[in-house]
A.B. asks: 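Let me give you the structure first, and then I'll get to my questions.
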Amino acid sequence: MSQVPQSMIEIRDAVLARRVSAAEVTKAALGAIERENGRINAFTQVFAKAAMENAARVDARLASGETPALAGVPIAVKDNMCTGPDLARPGDGAGYAGFTTCASRILEQYASPFTSTAVQRLIDAGAIIVGKTNLDEFAMGSSTEHSIFGATRNPWDVARVPGGSSGGSAAAVAAGLVPLALGSDTGGSIRQPAAFCGVFGLKPTYGRVSRYGLVAFASSLDQIGPITRNATDAALALEIMGGKDPLDGTSSLHASPRLAQMDPHDTEPLRIGVVKQARSGANHPAVAAALESTIAQYVKLGARIVEVDLPLIDHGIAAYYIVAPAEASSNLARLDGVRFGRRAKLGPGEGLEELYARSRGEGFGAEVKRRIMLGTHVLSSGYYDAYYNTALKVRRRLLGDFERAFETCDAIVMPATPGPAFRLGEKTGDPIAMYLEDVYTVTVNLAGLPGLSMPAGLAEVDGRALPVGVQLVGRAFDEARLLSIARRFERATDWHARQPPR
Ligand code: GLN
């Protein structure tokens, strides 16, 4: 393959036109991973043998006249989505493969018997899963440093984090190893790493993509979404992954938007909302500059700019860090060393209490334990009203503020993150500083709306160029319009085409 990483659609078109086979594309992707992964540690597992077998299957489908929409597209899956034995089986082929680890000691040897719906739909469309990507343990974090596999590094500067928790997925796309990697976003975990790595990341509307087979962090916030090189590829991935799934009762009946449904929006009059509170002096100058130049670009494209008011935006963090840990503490209770999770060895005379305590004590890392304790505390009797119920009220009001804003605009623009990628180790000692990374992203999850981060600038930090992302937020289930608005920006600029230095 050429040096310039190809998009999903370019690869698919080349495979369908038989200019290249699925097997050749897969082999090239596996080769690139082998060359590059040592530097950035984006993958936790590579499905080398299984991927080649699955590619042969796709080539056979093509030979029999099928034209699947993702024929031969190599993709990576965040290692908190279940992949079953037909994708890779532990012990089959060389190396460590076939597990769904969540980057946690407690699930290090967990082999899922089934594949998550979103992943299965991509496979049915002809995609090839080449491996699984690194994350913060159970998707809790903003830097991909809290992982039993070690930190992932940012391809733009390996001394810096790729963001998190879907840092492995964003780094894999940024390094040109795959054109699509799946992430999950509970409070920003697709958009923040996409911004740090200079790629495109979409968190769909809550309910748009089935959560079946996504290991739950905070079930009322979690969504699976695509990390790609551009808006069109994200739209194609969403078209295939989205839509009702009988295996997830919270998946919506809204039909998934078809890629072609973006087109009519391309020529609509545009009204872009700018959040008053997000034009803050606290943002890094390069973030402020990217935001202003994005607004200016939309003006050039004929948009009317309206100011919108999200007075509670700064309370989003507090509400999120109550709701998300509360749900996490409940979801993670199943990892008890009995039904799920690595089981600790017991000494003589020790019983069930010790089994739970030791299995969980050994199995979970520090950040996960912190969330479990926070969540258990805010749900405890006496504190439930003060914390949890108050957070739910803030959540409800945030949604109301967004709904009011969308009476005057079609999309809201704000930063994706307050600054560009920070250094490895810079925030690991200060959980609050790490949590504040999410100030612009968590409100979107609390409101259940679709949000995306697109490359919109470069920051010059310590003599190096680092990507800057800008976030667009849309109305619920209006991804076709939101993606079209992003595509208009992309067609007028070339930020999405920039690549990390080699
Ligand atoms: N950084 C946020 C957290 O640690 C968001 C994580 C996510 O979206 N999975 O909770």
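Order of listing sets the numbers, starting from 1, for every ligand and every atom in it.
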A.B. asks: Are M434 and S143 side-chain neighbours, meaning at least one heavy-atom pair lies under 4.5 Å?
C.D. replies: yes
A.B. asks: Any donor and acceptor pair, going by atom type alone, linking the side chain of E327 with main-chain N or O of S219 inside 3.5 Å?
C.D. replies: yes
A.B. asks: Check this for me: does any side-chain nitrogen of one of K132 and D79 sit under 4.0 Å from a carboxylate oxygen of the other?
C.D. replies: yes
A.B. asks: Applying salt bridge (charged side-chain N to carboxylate O under 4.0 Å, His left out), can you list everything that pairs with E108, at least two apart in sequence or on another chain?
C.D. replies: R105
A.B. asks: Please identify each residue that fulfils side chain to side chain contact (heavy atoms under 4.5 Å, CB included) with D401, with sequence neighbours left out.
C.D. replies: L310, P311, L312, R404
A.B. asks: Using a 4.0 angstrom limit on heavy atoms, which residues are close to ligand 1?
C.D. replies: A139, M140, G141, S142, S165, D185, T186, G187, G188, S189, F217, Y320, Y321, R371, D438
A.B. asks: Tell me every residue that passes side chain to side chain contact (heavy atoms under 4.5 Å, CB included) with A433, counting only those two or more places apart in sequence or in another chain.
C.D. replies: K427, D430
